[in-house]
Amino acid sequence: MKERIHTMSGQYKSREEKRLAQQKKAKGNGKGKKKSFFAKAIISLFIIGIIGMLSGAGLFAYYASKAPELDESLLKDPIASEIFDMNGDLITTVGTEKRDYVNYEQIPPLMEDAILATEDNRFYKHNGIDIIRLGGAVIANVTNGFGSEGASTLTQQVIKGSFLSPDKTLERKAQEAWLAVKLEQDYTKQEIFEMYFNKVYMSAGINGFGTAATYYYGKELKDLELHEAALLAGMPQSPNNYNPFDYPENAEKRRNIVLSLMHQHEKISQEEMEQAQAMPVTESLVSEEAREERSIDKYQAFVDVVIDEVAELGDYNLFTDGLKVYTTVDPKAQERVEAILAGEAIDFEYPTRHEEIFQAGITLLDTQTGEIRAIGGGQAYGEENKRGFNFAVDQKRQPGSTIKPLLDYAPGIEHEKWSTYHQFKDEPYTYDKGTEVNNWDGQFKGDVSMRLSLWDSRNVPAVKALKEVGIDKGTEFIANLGLKFDEPLYESSAIGATPGVNSVQMAGAYAAFGNGGIYNKPHSVTKVILRDGETEVNVDPEPKTAMKDYTAYMINDMLKDVLQPGATGIYANVQGLPMAGKSGTTNYDKTYIAENGIPKNEAPDSWFVGYTTNYTASVWTGYKEMQYSLNPLERRIAQYIVKDIMSYVSQDIDTQDFKKPKSVVESPVEKGSNPARLPSDYTPEDRITYELFVRGTEPSKVSEQFDKIPAPKGLEGEFDNDKKTITLTWDYDDDDRKPSFEVKASFNGEDSKVLSTTSEKGLIVENIAADGSYTFTVTAVDGEQRSEPVSVTVNVEGQEPEEDIEETPEGEENEDGANEEDEEENGEGNGDGENEEDETTPPAEDGTDEENDDDAGEDQGEGEGNGNTGGTGTDTNSNDDQ
């Protein structure tokens, strides 16, 4: 069997061999089938892949087509602006997003290394999309679900933060990738890193690493230590959760991860990593007290002025443009103003009798530059909301008498060269339409100088002054001082009936007086630097000559009197400080008083503007609603505030007095002369005042008012023993004059007394009863002019003294029926008498009012005098008026 099977060609030797052969054949057939299946599968997948890629590309293209354009303005985020004081110290930031913009060149390498190691280590190698990182993210998203891990580069994060929503959708990711590639084509890597560095949110309402360095560590970027830079670099992944103030443990863990990544990418050594990780995270953070202090919005009323002023410079927005604004505010002065408004730095109390809060608008300027040193926006300013009603700038009220130097008198000096002695007739007066003009005291003082008119704030002279110089010239003059009105001015504008003004405008106008006639527009900003840190905006206002130097000086000199004792501005006076100023009060009309039940002596507004060569302070006081009024005592508060401010800012500095220019001369003037005359050698001292004149207009003629007239001649005296009389006779040669003659008598060298005043050239003196020496003097009197006296002595001998002559008690009748009071009244009584004393006393330079002369009683009536002779004098002319 074995031999047969073995020898059979093509047959198997056994069944086992056959089975094995069949199995082998079957294996060969299966391998072919598998190869065919896999080939088909690969081809199918390839086709599907191509289809998928085409579909994906189409979808990507579709999503990309809907992507927004690369808008450069959106790449530059809103940045809060910084505002600095006059010393260059930061006051506050203004804007919804707190962001200190940092240029790429200012970013420390340490900070850049920390960020790149954490966020995008291959930033400088990819073109906006990191394929390697993307592959890892795809696997993670397939394994753990879409959106479980991001692959965004810094470029993509810039795109997402600038143009796209934070939603994790396929559309947003496609658009993000597309725009990232475009961004890399249009900008350099450094520019893109700068965008990210300043754009990223860092919790607590702040953006950018530069802002975060200041907020969390109180440092500049260049001063950050490794552990601090690592903490900041790790925050963008979850800013609020990694805020070290709120979650220090979370922040520390995240910081340590960043340090590990920096070591992994060979940015720091092992030792540096470990040392930084060992640092407590809270150790170098700013204190809570410092954060609270920094969060307070300082100087809100002043900052509001800055915001408005920057807006006027051009197309700038403090809230979004990231400007650095350097201002004029003096922190000490501003804090003093705020303390005054809070009632903490003054010796008076604000009134509370009305339901509305008493308010004050305050402006303090540098007189020489027009720079605003402080703004007081009112009591409780900014407590309810920022950008509130600012009483220093928003409240515009009529200026009252503070307009008088500006509108009425300064234009007269400027155009007509009035002197400070220029005369006005203070008398009953009406406007052209018939309305009466009243003075504050209801009185009229006759001929008064411009100095007295300003000092005593007389209304009638002010109106006459404006009419004399012309309303057009007055309007033009104040327009050069920043007081430009849309409405025309009228006669009543002379005493304050103008459109409303604010404290800033009034401060600017008055500062021009103290600055020698140079006007500087009040301003709060000295320099603005744009967000690039280099471009500077020109903001300096140009000074302009608003008046002649003689106009400014003469107004200054007169307004210094306003702060002297007895004047209207005495409550603003600072002892020893050369300051000028003017008060102002507005009035209600009669109808308004009646309708609102307002007392007649109350007013809606009170002003005071005071200035030195260094500072100008302008203060308005009153209420927001006009129906709430100020009584006379409350109207002094404006002056108290000016006194407090000017005293505070002037301490420990030298304040020069106003310097008289060469264009001004001071000259003596005889009071009452019109036009001005120089006093003569005979003018009494109390009738001489010293006034200012524009050089070349000073008086050159001498007054003859008090010149000596010719004296009587040939005075003789003869005693008649029988009649017991002495007869006096004299001559007078000046036929052009009809003087009266004042006769005085003296007995034995005692003081002389007036016997009589007569128009005749002789006098009989009766009742000569005692021996002795009788000396008589006769003086010619013509109005206020007097001659030199002439004298004669008559010696009487052999007379027996009269007996039983008793001195008549005061008030009792003498033998001739006249009592001593009557005799004194007849012999020495005043002619017209003096006016009743006014409430105020004129300044020392003017003395008393021209109507209130000390010599008012010299023109005496005739009568009988009781002299040492014991007799009476009788005028030889019995027909003279008494």
A.B. asks: Closer than 3.5 angstrom, by distance alone: can the side chain of Asn439 be matched with the main-chain N or O of Phe444 as a donor-acceptor pair?
C.D. replies: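 Checked: no pair found.
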A.B. asks: For the pair His422 and Trp418, name the ring-plane relationship: parallel under 30°, tilted 30 to 60°, perpendicular over 60°.
C.D. replies: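 Plane angle under 30°, so parallel.
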A.B. asks: Between Arg635 and Leu630, is there a donor-acceptor pair closer than 3.5 Å when you use the side chain of the first and the backbone of the second?
C.D. replies: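 The answer is yes, because a donor-acceptor pair under 3.5 Å joins these two groups.
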A.B. asks: For a quick test of reading the model, state the closest non-hydrogen atom pair linking Tyr519 to Ala509 and the distance between them.
C.D. replies: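 Taking Tyr519 first and Ala509 second, the nearest heavy atoms are CE1-N, 4.3 Å.
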A.B. asks: What I'd like to find out is whether the side chain of Ile403 reaches to under 4.5 Å of the side chain of Leu483, using heavy atoms alone.
C.D. replies: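 Yes; the side chains approach each other to less than 4.5 Å.
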A.B. asks: Can you tell me if Glu355 has over 12 outside heavy atoms packed within less than 6.0 Å of its CD?
C.D. replies: no
A.B. asks: For the NZ atom on Lys484, are there more than 12 heavy atoms of other groups (residues, nucleotides or ligands in this structure) within a distance under 6.0 Å?
C.D. replies: no
A.B. asks: Mind checking the CZ-CD1 spacing from Phe391 to Ile375? Nearest 0.5 Å is all I need.
C.D. replies: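 Answer rounded to 0.5 Å: 14.0 Å.
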A.B. asks: Are the side chain of Thr367 and the backbone N or O of Tyr615 linked by a donor-acceptor pair below 3.5 Å?
C.D. replies: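 Flag set: sc Thr367 to bb Tyr615 pair under 3.5 Å.
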A.B. asks: Any donor-acceptor pair under 3.5 Å linking the side chain of Gln423 with the backbone of Tyr421?
C.D. replies: yes
A.B. asks: Taking the side chain as every heavy atom from C-beta outward, state whether Val781 and Thr757 have any atom pair closer than 4.5 Å.
C.D. replies: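 Side chain of Val781 against side chain of Thr757, heavy atoms only: no contact under 4.5 Å found.
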A.B. asks: Ignoring hydrogens and angles, state whether a donor on the side chain of Ser667 or Glu698 is under 3.5 Å from an acceptor on the partner side chain.
C.D. replies: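 Short answer, no.
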A.B. asks: Are Phe348 and Tyr350 close enough that their ring centres sit under 6.0 Å apart?
C.D. replies: yes
A.B. asks: Looking at Pro411 and Leu406, what are the two nearest heavy atoms and their distance?
C.D. replies: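 Between these two residues, the closest heavy atoms are CD-O, 3.3 Å.
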A.B. asks: Does a sphere of radius 6.0 Å around CD in Glu685 hold more than 12 heavy atoms from other residues, nucleotides or ligands, not counting ones at 6.0 Å or beyond?
C.D. replies: no
A.B. asks: Looking at Gln443, is its backbone amide N or carbonyl O close enough to the side chain of Asp441 to form a donor-acceptor pair, meaning the two atoms are under 3.5 Å apart?
C.D. replies: yes
A.B. asks: If you measure from CZ on Arg397 to CE on Met506, what distance do you get to the nearest 0.5 Å?
C.D. replies: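 Between atom CZ of Arg397 and atom CE of Met506 there are 14.5 Å.
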A.B. asks: Taking the side chain as C-beta and beyond, is there a heavy-atom pair between Gln395 and Gln359 under 4.5 Å?
C.D. replies: no
A.B. asks: Going by salt bridge (Lys or Arg N to Asp or Glu O under 4.0 Å), Asp557 matches just one of Lys660, Arg451, Lys659. Which one?
C.D. replies: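 The residue from Lys660, Arg451, Lys659 that satisfies salt bridge (Lys or Arg N to Asp or Glu O under 4.0 Å) with Asp557 turns out to be Arg451.
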A.B. asks: Look at atom NZ of Lys521 and say whether more than 12 heavy atoms of other residues, nucleotides or ligands are closer to it than 6.0 Å.
C.D. replies: no
A.B. asks: Look at atom CD of Gln627 and say whether more than 12 heavy atoms of other residues, nucleotides or ligands are closer to it than 6.0 Å.
C.D. replies: yes
A.B. asks: Using only atom types and a distance under 3.5 Å, with no angle test, would you say the side chain of Thr613 pairs donor to acceptor with the backbone of Gln656?
C.D. replies: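 Yes; judged by distance alone, with no hydrogens or angles, the pair exists.
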A.B. asks: Could you grab the distance from atom NZ of Lys701 to atom CG of Leu678, nearest 0.5 Å is fine?
C.D. replies: 11.5 Å
A.B. asks: Check whether any side-chain heavy atom of Met558 lies under 4.5 Å from a side-chain heavy atom of Trp455, and answer yes or no.
C.D. replies: no
A.B. asks: Under the criterion side chain to side chain donor-acceptor pair (under 3.5 Å), which of Asn614, Asp330, Asp366, Thr363 is the partner of Arg373?
C.D. replies: Asp366
A.B. asks: Contact between Met646 and Thr612 at the side-chain level, heavy atoms closer than 4.5 Å - yes or no?
C.D. replies: yes
A.B. asks: Does a side-chain heavy-atom distance below 4.5 Å link Asn601 with Pro632?
C.D. replies: yes
A.B. asks: Applying side chain to side chain contact (heavy atoms under 4.5 Å, CB included) to Ile637 and Phe358, what does each step give before you reach the verdict?
C.D. replies: CA-CA 11 Å; Ile637 293 177; Phe358 176 91; 3.9 Å; yes
A.B. asks: Name all residues meeting the side chain to side chain donor-acceptor pair (under 3.5 Å) criterion together with Asp707; count only those two or more places apart in sequence or in a different chain, and write none if there are none.
C.D. replies: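 Side chain to side chain donor-acceptor pair (under 3.5 Å) check on Asp707 returns Ser680.
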A.B. asks: With under 30° as parallel and over 60° as perpendicular, where do the rings of Tyr588 and Tyr592 fit, or are they tilted in between?
C.D. replies: parallel
A.B. asks: Give, for atom NZ of Lys445 and atom CZ of Arg458, the distance between the pair rounded to the nearest 0.5 Å.
C.D. replies: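 Going from NZ on Lys445 over to CZ on Arg458, the span is 5.0 Å.
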A.B. asks: Determine whether Thr616 and Val609 make a side-chain contact, defined as any pair of heavy atoms from C-beta on separated by less than 4.5 Å.
C.D. replies: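 Yes - at least one pair of side-chain heavy atoms lies under 4.5 Å apart.
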A.B. asks: If every non-hydrogen atom of Asn390 is compared with every non-hydrogen atom of Gly377, which pair is closest and at what distance?
C.D. replies: OD1-CA, 3.2 Å
A.B. asks: Would you say the ring centroid of Phe658 lies under 6.0 angstrom from that of Tyr611?
C.D. replies: yes
A.B. asks: Using salt bridge (Lys or Arg N to Asp or Glu O under 4.0 Å), reason through Lys548 and Glu414 one step at a time and then give a plain yes or no.
C.D. replies: CA-CA 7 Å; Lys548 302 291 195 304; Glu414 181 77 6; 3.6 Å; yes
A.B. asks: Would you check if the side chain of Gln398 reaches a backbone N or O of Thr498 as a donor-acceptor pair within less than 3.5 Å?
C.D. replies: yes
A.B. asks: Side chains of Arg636 and Tyr571: donor-acceptor distance under 3.5 Å anywhere?
C.D. replies: yes
A.B. asks: Kindly give the heavy-atom pair with the smallest separation between Leu563 and Ala580, and that separation in Å.
C.D. replies: CD1-C, 3.6 Å
A.B. asks: Show, in sequence, the C-alpha distance, side-chain angles and deciding distance for Ser493 and Leu407, and conclude whether the side chain to side chain contact (heavy atoms under 4.5 Å, CB included) test is met.
C.D. replies: CA-CA 8 Å; Ser493 301; Leu407 180 63; 3.9 Å; yes
A.B. asks: Pair up each side-chain donor or acceptor in residues 617-624 with any protein partner under 3.5 Å, not counting sequence neighbours, and list the distances.
C.D. replies:
from   : atom 1 : to     : atom 2 : distance (Å)
Ser618 : OG     : Ser503 : O      : 3.1
Trp620 : NE1    : Asp605 : OD1    : 2.9
Thr621 : OG1    : Ser606 : O      : 3.1

A.B. asks: Does the pair Ser703 and Ser673 meet the rule for a side-chain hydrogen bond (donor to acceptor under 3.5 Å, both in side chains), with working shown?
C.D. replies: CA-CA 7 Å; Ser703 172; Ser673 60; 5.9 Å; no
A.B. asks: Determine yes or no for a side-chain-to-main-chain donor-acceptor pair under 3.5 angstrom, with Asn480 supplying the side chain and Ala546 the backbone.
C.D. replies: no
A.B. asks: Applying salt bridge (charged side-chain N to carboxylate O under 4.0 Å, His left out), can you list everything that pairs with Glu427, at least two apart in sequence or on another chain?
C.D. replies: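 With neighbours one apart ignored, the set is Lys464.
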A.B. asks: Go through the steps to decide whether Lys582 and Ser457 satisfy the test side-chain hydrogen bond (donor to acceptor under 3.5 Å, both in side chains), and finish with yes or no.
C.D. replies: CA-CA 9 Å; Lys582 185 70 184 76; Ser457 201; 3.1 Å; yes
A.B. asks: Is a salt bridge present between Arg353 and Glu634, judged by a nitrogen-to-oxygen distance below 4.0 Å?
C.D. replies: yes
A.B. asks: Output yes when a side-chain donor or acceptor of Arg695 lies under 3.5 Å from a complementary backbone atom of Lys662, and no otherwise.
C.D. replies: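 Confirmed, Arg695 side chain pairs with Lys662 backbone.
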A.B. asks: So does Val463 get a backbone contact from the side chain of Glu491, meaning a donor-acceptor N/O pair under 3.5 Å?
C.D. replies: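 No: the side chain of Glu491 does not pair with the backbone of Val463.
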A.B. asks: Measuring from Phe608:CZ to Tyr510:OH, what's the distance to the nearest 0.5 Å?
C.D. replies: 8.5 Å
A.B. asks: Might you point out which heavy atoms bring Thr402 and Pro405 nearest each other, and give the distance in Å?
C.D. replies: O-CD, 3.5 Å
A.B. asks: Quick check: are there more than 12 heavy atoms from other residues, nucleotides or ligands sitting under 6.0 Å from NZ of Lys417?
C.D. replies: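 No - once you tally the heavy atoms of other residues, nucleotides and ligands closer than 6.0 Å, there are 12 at most.
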A.B. asks: What closest approach, in Å, do Gly482 and Gln505 show between heavy atoms, and which atom pair accounts for it?
C.D. replies: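 Residues Gly482 and Gln505, closest heavy atoms: O-NE2, 3.9 Å.
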A.B. asks: With side chains defined as the heavy atoms from C-beta onward, is the minimum distance between Leu481 and Met547 less than 4.5 Å?
C.D. replies: yes
A.B. asks: For Thr683 and Glu670, what are the C-alpha separation, side-chain angles and deciding distance, and is it a side-chain hydrogen bond (donor to acceptor under 3.5 Å, both in side chains)?
C.D. replies: CA-CA 7 Å; Thr683 303; Glu670 184 176 283; 2.4 Å; yes
